[in-house]
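First the structure, in the form of structure tokens, and then the observations on it.
For this chain, numbers begin at 1 and follow the sequence in order. Computed from a predicted structure; not experimentally measured.
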Amino acid sequence: ESFLLRNTTAFYLDLITTDLKAKDKPSAIKEITEMFARTGLMADPLDYYRNVLFYAEEGRIWFYGGLAFLESQAVVKDRILVAVAISKNGVPFKSFGRNPVKIFLAVACPKEEKSGPSPRLKILAYLSLFLEKLEFRAAIMNARSDEELFAFLKENLEKNWNLLKP
């Protein structure tokens with residue numbers, strides 16, 4: 001099952017988990033990368049893993065209130081892919097004394113070669129505005145199943161686009 005947001009970004013049920021098992025940064029990134037790999041939509045998951053791990057080690061991951069954005073360009077089909085992973089206990093990232101990360105938003109973007117406004121930057125800005133809202137983060141954390149979280153995202157991302165448009 002899947003849905004498209006603004007005709008550029010694909011959300012798949014297979015890219016949603018409410019039960020991330022990882023206990024540390026590399027394991028969390030690996031587990032999320034494996035979700036991308038299982039879809040068959042990413043040509044080189046290992047490259048994505050290495051890039052995101054490098055960004056994490058360099059402190060180039062965006063953190064906000066128990067949320068981490070993982071992002072890299074990758075060889076994916078013509079759509080931006082988004083994975084959402086929830087860790088009920090949190091994963092320590094040990095980056096600037098941050099609290100453990102409980103919500104991971106991982107984005108895999110096709111390599112961009114065009115000029116003009118970037119769909120990647122637009123969707124990242126929109127998702128960050130969406131997740132800035134405490135009620136949305138709370139609903140994500142309280143989802144009891146992957147299916148419930150997927151349904152929440154499907155219903156609320158498109159519906160709130162005009163309210164939160166960056």
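- Counting only heavy atoms from C-beta outward, the side chains of F36 and L15 approach each other to under 4.5 Å.
- Atom CD1 of I16 sits about 6.5 Å away from atom CE of M35, to the nearest 0.5 Å.
- Here the side chains of R38 and D14 are not in contact, with every heavy-atom distance at 4.5 Å or above.
- Once rounded to the nearest 0.5 Å, the distance linking CZ of F69 with OG of S128 reads 5.0 Å.
- To the nearest 0.5 Å, the span separating CG on L105 from CD1 on I32 amounts to 9.0 Å.
- Residue L81 holds its CG atom at 10.0 Å from CZ of F11, rounded to the nearest 0.5 Å.
- Looking at every heavy atom in both residues, A22 comes nearest to V91 through O-CG2, 3.5 Å.
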Would I123 and Y126 count as a side chain to side chain contact (heavy atoms under 4.5 Å, CB included) here? Give the steps.
CA-CA 5 Å; I123 200 64; Y126 173 67; 4.3 Å; yes
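- Here the closest non-hydrogen pair linking A37 and P45 is CB-CG, 3.6 Å.
- Shortest non-hydrogen contact noted between M42 and Y48 is SD-CB, 3.6 Å.
- Within the 4.5 Å cutoff, side-chain heavy atoms of P26 are placed close to those of L53.
- Remark: N51 CG to L46 CG distance equals 9.5 Å, nearest 0.5 Å.
- To the nearest 0.5 Å, atom CG of residue L153 and atom CZ of residue F130 are 6.0 Å apart.
- Counting heavy atoms from C-beta on, the side chains of I103 and I86 come closer than 4.5 Å.
- Contact check for E57 versus K25: side-chain heavy atoms found under the 4.5 Å cut-off.
- Across all non-hydrogen atoms, the minimal contact from Y49 to I29 is CD1-CG2, 3.5 Å.
- Hydrophobic clustering places F54 together with V52 (ILVMFWY residues linked when any side-chain heavy atoms are closer than 4.5 Å, directly or through intermediates).
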Tabulate below the donor-acceptor pairs under 3.5 Å that side-chain atoms of residues 135-143 make, not counting sequence neighbours, or state none.
unit_1 : atom_1 : unit_2 : atom_2 : d
R137   : NH1    : L131   : O      : 2.9
N142   : ND2    : A138   : O      : 3.0

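- F150 and L13 make their closest contact through CE1-N, 3.5 Å (heavy atoms, listed as atom of the first residue, atom of the second, distance).
- Among residue pairs with one or both ends in residues 26-35, those qualifying as side-chain hydrogen bond (donor to acceptor under 3.5 Å, both in side chains) are D24-S27; sequence neighbours excluded.
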